[in-house]
Structures are given as C-alpha cells and as structure tokens.
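Below: the structure, in structure tokens.
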Amino acid sequence: MIADEWADKQILVKCGGFSSQLAKNVTEEVDGDPLWGSRFDATNPVAVVQTHLDFLRSGADIILTNTYQSSVEGFTKYLGLTQDEGIKLMQTSVALAHEAKQQFLRETGVEGSATFPLVLGSIGPYGACLHDGSEYSGNYADQVTKEELKEWHKTRIYSCLSAGVYGLALETLPCQLEAEAVTELVIDVNVKTTFWVSFQCKDESHLASGESFATAGLAIWRLVKSRKVADRFLGIGVNCVNPQFVTPLLTSLIGALGEEDRPPLVVYSNRGEIYDAGLGEWTGTGEQVAKFVPEWLSLGVRIVGGCCRVYPADVLEIRKCVDSYKLDP
C-alpha cells in the first residue's frame, strides 16, 4: 500500500526500459548480450549512471537497479568473476543507482537524504538469466521446484537489500509458481522491505506460461494478505506486455477480486513490439504508451511507467499524463 511518507504523490511514475536507453549511451551492443545491461555495471558504470539520470530528468519517481539479468552464474561464465565478486557487482549496481539519485538531487537543489526518487532493486525472472527468451514463455515452470527458484533468487535479493534499496521490483514473472516463490522469499527475509509483483503476459488474459493472469494475481494478493504484509506491498501488475493487453488483463483481475478489497496496481508496458530471441532484437512497430495511461489510471493503477523500448521522452509524456490526471476524492 502507499506509504504515508509519499501520500502527496498518489500516482508514481517509474522509469522506462533501462537497457533500451543504455544502448544509446554505449557503443557496444546491449540487446543479445547474455548479461544484457548488467555487463555494463562492470565495464561502463558512467553510462549506467547516465542512463538513470536520463529517466530522472524526464520525471521518473522510481528508478530500478540494473540487476534484471544479474546472477552469480552469469557473471562467472561471462565475466570470469568469483561468487563474492559477483555479489559485489550486484551491490555496485545499487550504488550506481544511488549515485545517479544523489546527482539528480544536487541538480534540483534538494539537500540531505530525500526519500524521492525511490531506488528499487530489479529482480527479473529465472528465465532471463537463461538467455533464451524463456521469460516470454515460462517454459521452465515444470522443470524447477518452488524451493529451487527460491534458492536461485536468494543471492540477488539479499545482495540488493544489503546494498540499500527502498524496495524490490519482482518483475516480468512468466508463471504463477515463480511469482509465489519470490513473494514468499521476500516476505520471509529478515529485512522488511517494500515490493511489487509484476507478470509478463502473452495476451489479454494469460501469463506467458499460459496460466490465467487473474488467478495468479489473486493468489499473490491473498498470499500478501494472509501473511499480513499488505502495509509494505506496492502492488500487483504487468510489465513488458503489449499496451493493448493491459486494460483487459487488469479488468480480469478486478473481476476475479469481486467484493474483496483491491490491491494497488502497477503497469509498465513495452511498446507492443515482439522480442525475437533468435535474432536477439525487437521486431514490429510500436505504440505510444502515454496514450493508454489515463485509462490505466482510471482502473486503479498507481505506479506507471515503461519497459523495453520506452525511452526518456516517453517517460516525460507519461509524467505529463499523470500530472494532469485528477483522482476522485
């Protein structure tokens, strides 16, 4: 739920697609890299800070750390790092986000330890680190157990928390099993952090895995309420989905909730293009995300932004939509 300390910001704007913008700040290829943007925490930290700043200067209230595709296994295989060095690099990613925040605060004349902008740790799915596009299929859901998923996610979650994030974005989750695993893990960690849970969906009603989004979202909300952690739950939603799918998806969840109290909703779509794992690039033509924002806000979305291929200029348009939107009293 929305914390008292930011009650005056009833709707928050999240940054856009980090690696999409990062590609504009480096000379190397980003899409198709087995570490995606995470490599640049090690090889070009200046570009990482610049990318965060690009979104902050465009009106983002929330930036996510560049850890979506970070893993000790990946860092060992592709960067030759030890386990300890891999953990340190994840913590460095958090530090780079905070460095950008502090530079932005200096630019805007804010002194001291301001709450905003928020820095959240990006916790992408297991499938992202397989580097085969399976976060868009969830085809590993029947090959791993919930406990195995918890064990795999633990290192990155603990690394982000130990480095000092405001909360965690459990994102692009393609199946209910993984969503339940990471939610239970975050609920049970010693650090009582805020978090949201966001799914990847293949159409207007189904997760990437083919499961019902409404069923999965309802299960997560009931888990949050049963474990009495709604006070630190930032919301349920969807990300890196076609913006045309968002309203039907949210409507299906609202319908499944019936008379139950509603969770906050989170949306950060892509442009509607399709990621071709074989080519390692996005194909098709996209939509202007901002034109969908008023409709999403009317459904109860309180954190809104962009994912892949959504750039700072798009975030600025989303910012304008949010600033002009009038919530019912």
Considering residues at least two apart in sequence or located in another chain, which fulfil the salt bridge (charged side-chain N to carboxylate O under 4.0 Å, His left out) criterion with [X]?
X	value
Glu287	Lys291
Glu260	Arg222, Lys225
Asp142	none
Glu211	none

Self-check item: Hydrophobic cluster (4.5 angstrom, side-chain heavy atoms) - remaining members for Leu316
Solution: none
In terms of hydrophobic clusters joined by side-chain contacts under 4.5 Å, are [X] and [Y] together?
X	Y	value
Phe40	Leu89	no
Val322	Leu299	yes
Leu185	Tyr68	yes
Val238	Leu223	yes

Where the side chain of [X] meets the backbone of [Y], is there a donor-acceptor pair that is under 3.5 Å apart?
X	Y	value
Ser93	Asn66	yes
His153	Ala181	no
Thr194	Tyr166	yes
Ser209	Gly138	no
Ser134	Ser137	no
Arg232	Thr193	yes
Thr67	Ser70	no
Gln69	Cys129	no

Going by distance alone, is a donor N or O of one side chain under 3.5 Å from an acceptor N or O of the other, for [X] and [Y]?
X	Y	result
Ser122	Glu171	yes
Asn25	Gln50	no
Glu295	Thr247	yes
Asp84	Thr82	no
Gln176	Thr215	no
Asn239	Thr172	yes

Quiz item: Is Gln143 atom CD crowded by more than 12 heavy atoms from other residues, nucleotides or ligands, each under 6.0 Å away?
Solution: yes
Quiz prompt | Over 12 non-hydrogen atoms of neighbours within 6.0 angstrom of OH in Tyr126 | solution = no
Practice problem: Provide the full list of salt bridge (charged side-chain N to carboxylate O under 4.0 Å, His left out) pairs with a residue in residues 87-104, sequence neighbours left out, each pair given once. | Solution: none
NZ/NE/NH1/NH2 to OD/OE distance under 4.0 Å, [X] and [Y]:
X	Y	value
Asp61	Lys14	no
Asp54	Lys24	no
Glu184	Arg227	no

Considering only heavy atoms from C-beta outward, does the side chain of [X] approach that of [Y] to under 4.5 Å?
X	Y	value
Glu180	Ile220	yes
Leu120	Leu168	no
Arg156	Met90	yes
Arg271	Pro243	no
Cys201	Asp203	no

Exercise. Kindly state whether the ring of Trp196 and the ring of Tyr268 have centres lying under 6.0 angstrom apart.
Key: yes
Exercise. Taking the six-membered ring for Trp and the full ring for Phe, Tyr or His, determine whether the centres of Phe104 and His52 are under 6.0 Å apart.
Key: no
Self-check item: Geometric cation-pi criterion Lys202 and Tyr136, 6.0 Å radius, 45° cone
Solution: no
Self-check item: Minimum heavy-atom distance between Gly305 and Val289, given as atom pair plus value
Solution: O-CG1, 4.3 Å
